[in-house]
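Just so it is clear: chains get the letters A, B, ... in the order the sequence lines come, proteins before strands, and each one is counted from 1.
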There are 2 protein chains.
Amino acid sequence: MTAERVMDKAAGQAMGQATATARARGIDRVIALMEHLHRLRAPARIADIARDTGTPRSTVYELVNTLVEARWLETRDEDGTVFFGPAMHYYGSDYLNSVDLIRKARREVNHLAEVIGETAQFCMLDGNKYLVVLNEPGRRMFRISSDIGIKVPIPWTASGRLLVDHMGPDEIRAFIPEEDFTLPDGRRIVEEEFLRDMAAAREAGYVRTTGLVDRFTTCMAAPVRDTQGRCIATICFVVPADTDADEQNAMIEALKDSAGKLSMAR
Amino acid sequence: MTAERVMDKAAGQAMGQATATARARGIDRVIALMEHLHRLRAPARIADIARDTGTPRSTVYELVNTLVEARWLETRDEDGTVFFGPAMHYYGSDYLNSVDLIRKARREVNHLAEVIGETAQFCMLDGNKYLVVLNEPGRRMFRISSDIGIKVPIPWTASGRLLVDHMGPDEIRAFIPEEDFTLPDGRRIVEEEFLRDMAAAREAGYVRTTGLVDRFTTCMAAPVRDTQGRCIATICFVVPADTDADEQNAMIEALKDSAGKLSMAR
DNA sequence: AGCAGAAATCCGATATTTCGGACATTGATC
DNA sequence: GATCAATGTCCGAAATATCGGATTTCTGCT
């Protein structure tokens, strides 16, 4: 109820910039600032931060100084831009280590990426969106970093078809926003198709999709289930669509294996 | 200059708790709070946070609410403790990906931990202290998490002997605080010994120490050097002291190999 | 050199947040 | 069931951090 004072939540969804109105707490401004950098995924100049977050310039300067001193932010290059600093990594590591499932998942994801050599990920739901929690790039050169912590519509992903496993058609309709069935390129995912994929995935114990978000990419995912059999996360590979079929099958086996271990674990 | 208002810096070194005096900015209180959780490396109850950071109780409640809402913190279990939340992981990942050397180092550390099966680390200096930046546990059960982002006296570590490589005896004396030559168990590292280790390490291209911080642990480290040949980081293994000699030699070769790649890279 | 525009700093006033302490709630112990 | 302790909420007042705008410094360009 406090942060909303600064950001108009209604305006949220779209390109995340807030129009500040009144005077706000330092904390709320800092939260907006960090969130902005995260969405940007790149260093930003202070003036731009001020504009894009709707924070008065003098305030941003003041806060950035404080944050740089605390190593939450770092001044980059000599171009006067700032980005996240080492403290965030330390705190983030503490978080990862404190969550049992994620700590174990890290092992599996690293192992998969190392042995198979393709990009492996660990994904979960965050509200009604899909989220990459862990990402370990394979040996390929490109696609170095992925979108850790960036929310994506559930129907855009292979894993999404597993993560809503336990819901009936009506529940899903209520849960996933209408507009999320439209892909970035404008194509539309028919609901029946989605439900069919889902049922097939539950049956087979894995799911594979090609050319969803990106035409030339194939995703394969296996479900991590809790003791009640509910899918609480997925492990997946992201590979070029032209990857050899046998290799893909090997990957799926590896995924099922890893996902199985994590399902046991908790 | 702002954060100091809250924390008495002189009191620092010891058990990190500050005695708040005057009214402080929310930001400064939050920084103290996060730093406290990081040192603690465990969830804490709000009342304890208030006591240990010297922040008024009502203020902590207020701030924690804001931070939980932003996912910077998370309420754990049902015992009312709080700890870092997922947002810290996302911001931390952004940081890691934004620093070239660290991003590359992550590959190497993961690879080493996977292939050799022992805990691998990537370390750097932070001021006049040694710091584990990346840690990847091996296949052994114990010693799951390490002290990422926790400052350690340079002489306590194998890597430390490489990281001050470029300094002369006088520089080192000026750089490393006197008291840092005393190990946690009270033993004292003679300066000549340290300098000898250093010279030998530079000569050999790696360093190995046993029973420094912990009697039953051996550390092996290889230097990552910049274009001027200066040691800017190290890669290392942390293994039980009774590890087979041949295995240790193989590890050292693997370390030199990885460190060499990173030295090339930048 | 000189100029224009942007980046960064400075400063005082006021709207606001922090803080203390009182009050409510929960839970454990005897 | 009563007592004590710990946890969490609420509220008004006072201290002060945020903000606007003016000033200064920097940078690139003609």
Restricting both atoms to N or O, compile the protein contacts to nucleotides 24-29 of chain D shorter than 3.5 Å, with distance only.
none

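- Taken over five-pair windows at either terminus, the axes of the helix from C:dA1-D:dT30 to C:dC30-D:dG1 are inclined to one another by 50° (rounded to 10 degrees).
- Residues A:Thr157 and A:Val152 are in side-chain contact: their nearest non-hydrogen atoms beyond the backbone lie under 4.5 Å apart.
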Return the polar atom pairs (N/O with N/O) between nucleotides 24-29 of chain C and the protein under 3.5 Å, or none.
none

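- The CZ atom of B:Arg76 sits 20 Å away from the C1' atom of D:dT7 (whole-angstrom rounding).
- Taking atom CD1 of residue B:Ile27 and atom P of nucleotide C:dT16, one finds them 18 Å apart after rounding to whole Å.
- Side-chain contact between B:Leu73 and B:Phe83: absent, with no pair of heavy atoms (C-beta onward) separated by less than 4.5 Å.
- For A:Pro56, the side-chain atoms get nearest to D:dG20 when compared with the rest of D:dG20, C:dT18, C:dC19.
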Between protein and nucleotides 5-9 of chain C, what N or O pairs are separated by less than 3.5 Å?
from: C:dA8; atom 1: OP2; to: A:Tyr61; atom 2: OH; distance (Å): 2.8
from: C:dA8; atom 1: O5'; to: A:Tyr61; atom 2: OH; distance (Å): 3.3
from: C:dA8; atom 1: N7; to: A:Arg57; atom 2: NH2; distance (Å): 2.9

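- Rounded to a whole Å, the CZ atom of B:Arg25 is 14 Å from the C1' atom of D:dC19.
- The side-chain heavy atoms of A:Ser98 and B:Arg76, taken from C-beta on, include a pair separated by under 4.5 Å.
- Using a 4.0 Å cut-off between charged nitrogen and carboxylate oxygen, B:Arg45 and B:Asp79 do not count as a salt-bridge pair.
- Applying the side-chain contact (heavy atoms from CB on, under 4.5 Å) test to B:Ser258 and every residue at least two apart in sequence or in another chain returns B:Glu108, B:Leu112, B:Ile235.
- Between the CD atom of B:Glu62 and the P atom of C:dT16 there is a distance of 15 Å, rounded to whole Å.
- Judged by distance alone, the side chain of A:Arg51 and the main-chain N or O of A:Arg57 form no donor-acceptor pair under 3.5 Å.
- The side-chain contact (heavy atoms from CB on, under 4.5 Å) search around B:Glu136 returns A:Arg106, A:Asn110, B:Val109, B:Asn110, B:Ala113, not counting sequence neighbours.
- B:Thr55 places no side-chain N or O within 3.5 Å of a backbone atom of B:Ala50 that could act as its donor or acceptor partner.
- Across all their heavy atoms, B:Ala87 and B:Ala70 have their closest contact at CB-O, 3.9 Å.
- No donor-acceptor distance shorter than 3.5 angstrom exists from the side chain of B:Asp126 to the backbone of B:Lys129, with no hydrogens or angles considered.
- Between A:Asp94 and B:Arg41 there is a salt bridge, with a side-chain nitrogen of the basic residue lying less than 4.0 Å from a carboxylate oxygen of the acidic one.
- Between A:Asp170 and A:Arg173, at least one side-chain N (NZ, or NE/NH1/NH2) sits under 4.0 Å from a carboxylate O, which counts as a salt bridge.
- In this model, the phosphate group of D:dT18 is not approached by any side-chain N or O of A:Thr59 to a distance below 4.0 Å at OP1 or OP2.
- Residue B:Asp28 contributes atom CG, which lies 14 Å from atom C1' of C:dT17 at whole-angstrom precision.
- If you take CG of B:Leu63 and P of C:dT17, they are 12 Å apart, rounded to a whole angstrom.
- A salt bridge links A:Glu62 to B:Arg25: at least one charged side-chain nitrogen sits closer than 4.0 Å to a carboxylate oxygen.
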